[in-house]
Structures are given as structure tokens and as C-alpha cells.
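Throughout, protein chains are lettered first and strands after them, A, B, ... in sequence-line order, and every chain is numbered starting at 1. No hydrogens, no waters, no symmetry mates; every other heavy atom, side chains included, goes into these values. Small disclaimer: the values here were computed from a predicted structure and weren't measured.
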Number of protein chains: 2
Amino acid sequence: MTVVNLTKLTAEPGKQVIVVEREFEAPRELVFEAFTDAELFVQWMGPRDLTMDLQQFEARDGGAWRYVSKAPNGGEFAFCGVFHEVSAPERIIQTFEFLGMPTRGHVTLETAIFEALPGDRTRVKMESVFRSVEDRDGMLQSNMEQGMNESFQRLVELLATLRAKE
Amino acid sequence: MTVVNLTKLTAEPGKQVIVVEREFEAPRELVFEAFTDAELFVQWMGPRDLTMDLQQFEARDGGAWRYVSKAPNGGEFAFCGVFHEVSAPERIIQTFEFLGMPTRGHVTLETAIFEALPGDRTRVKMESVFRSVEDRDGMLQSNMEQGMNESFQRLVELLATLRAKE
């Protein structure tokens, strides 16, 4: 049986939500760990050619996080947020902001749901709620999908490596 | 000149946002303080006949908050969230969750903008972004507006008392 893991992105016109769904060939506990363990997180989040500087990562209820992605040409992209809820192994709710926007305040509310599937597989559903339709559409028009797919590909490889070690 | 401070609530059909605007007879710094100083916050937030137990209130970027409103009959209503951004005296962005729902996860992203008006007055614009239209409409159908107006009335009284002491 061949399982093809496509990423499904849903963004209804006029709404302020993006939903991304993706299945992974790894048990739910392991996928959840990749999202919440600092040592694993830095191995897949962000583009390959950028250096990830994870400055804060308190993956628990009420914790804060912050990282800076550094490009070879010296460019820096900073992101920050707070964890509202981290309930292993099923749900993470947090805020997210890219600090490189012209003004602050373009914050999103991000919910990730981890669903166990038969055969030690996992479906992750990631919902981003924006403050406005304009913010949502701006994100869709950016390079978001490409960056996301590169991160997911890195995560797939990391999960395979971790499972090979088990 | 008589200034009538009405509360304006906007909730467009089919959207997942509630916007509440209200003007106060106090300078912006003082109004902002009432939202972020624990000693002041407990004096106006929530209904008069409930006791406010503010268990955590880290009103700064990355801080967490939690309080329990206690009714005379023993009923308790718990709320929690995290502060994404606290920029005095102009903006607060935080999450909000009522922990008395049948399931967790009904979180909102709350943005409060404090605008200085002539004559030492202040306009506060509070935007609540819900995860879904259903969540938003459920909040509208609850007793939200009455509870909010009672809190605002208490805030008006508190601000008048503070200004009288100046």
C-alpha cells in the first residue's frame, strides 16, 4: 500500500482562517514531541538554508517562545508568541507573530490538533485565526505555503530518523 | 457639554469577531493602568456580587494570567490566558478562555487599543477574535453584554475615584 502524504490547505474566501492538514508516518506521541521539544523543534522548523536561533521555548501552559531565523546574507527574521495551552499529546494553542512587519499587532491564534490514526500514523490539523481577512489574505500571498512545505519535509525526515533509532 | 459614554458593540453576521468600543473620562495612562495593574484590575473586572480571586497576573509580554470569580452560592467561574504583548499605554494583545465550557479549546485572541482623546479622555477598542463563527455567536447569546456593562460601570467609578485623588 502506498500512502501519499499531501498537505491540504483550506482558506475559504472572506474568512479569516487558514487550516492546514497533514498526515505523518509516526505515532502521535512522537509527532507531538517534535512540536514541543526544543532539541527536536529546531531540527525541522524553518527553511533549510536559514539558521534557527531558538531564544525561548517554554512549551507549557502560559509559556513564551521566540526564535530568529538567520539567512546566510545576514538577514534576520524574528518570531514570537505565547503558549496558551500545551496538552500532550493532543493539542497546542498559542499565539504567533512575525516581528518583521511594518507595524506590530498582526498576531494569529494557532491551534494544532494531533489525531492518532491506525498503523502508528498521525494527522495534524493546524488552524490559524487572523485578526482580519486582510491579514489572512496577506499571509496567503506571501511565500507561506512553500516555507511550510519545506518545514514539513524536514519534519518527515526527522521523524523517520527518530523511528529508525527506536 | 454633556458627554454620554455609550458602549458600542459590533458583530457582523457570519464573522468571527466582536468589537466593543467605549470612551472613558480619564487620561489614557490611567485607563491603561486600570487594565494592567493587579490592584486596580480586581476593583472593576467582573460582576459586583462575585468575589474576584486573581491568582496570576503577569501583565507583560509573555506573561500569564488566571482568575476565579466566586459567587455567594459557592459557584466558581475560572478564566485564564496569556499576554502576547503589553505595550503601555497603547495596546494589549492576549488570549482568553472561560474554563467552564464542556470542553477546552474555546480560546479567543483579544486586542485592546487605547486611544487618547482631547480633554483627557480615552477611547478603548476591544476586539475579540473567536476560533469560529459558532463560538462567536455562542458568546453573543450568553449574558456577555450585561456582564461587560457592569464591569465598565465599575471601571467608570474606579477611574472617577482615582482622578479625585490626583
Within residues 28-55 of chain B, the residues sitting under 4.5 Å from chain A by heavy atom, in sequence order, are none
(Q) Only heavy atoms, only distances under 4.5 angstrom. Which residues in residues 59-75 of chain B are near chain A? (A)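 Answer by number: B:Asp61, B:Gly62, B:Ala64.
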### Message
Using a 4.5 Å heavy-atom cutoff, which residues in residues 81-109 of chain A come close to chain B?
### Response
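Residues of residues 81-109 of chain A touching chain B at under 4.5 Å: A:Gly81, A:Val82, A:Phe83, A:His84, A:Glu85, A:Arg91, A:Ile93, A:Thr95, A:Phe96, A:Glu97, A:Arg104, A:Gly105, A:Val107, A:Thr108, A:Leu109.
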Joint hydrophobic cluster, [X] plus [Y], side-chain heavy atoms closer than 4.5 Å:
X        : Y        : value
B:Val156 : B:Leu162 : yes
B:Phe152 : B:Val124 : yes
B:Phe114 : B:Met148 : yes
A:Leu140 : A:Phe130 : yes
A:Met144 : A:Val17  : no

Taking every heavy atom of B:Val129 against every heavy atom of A:Gln16, the minimum-distance pair comes out as CG1-NE2, 3.7 Å
| query | Got a sec: does the CD of A:Glu145 have more than 12 other heavy atoms crowding it under 6.0 Å? | reply |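 No.
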When rounded to the nearest 0.5 angstrom, what is the spacing between CD in B:Glu127 and OG in A:Ser132?
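Going from CD on B:Glu127 over to OG on A:Ser132, the span is 8.0 Å.
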* Asked: Who passes salt bridge (Lys or Arg N to Asp or Glu O under 4.0 Å) against A:Glu134, sequence neighbours left out?
  ->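 Per chain and number, A:Glu134 pairs via salt bridge (Lys or Arg N to Asp or Glu O under 4.0 Å) with no residue.
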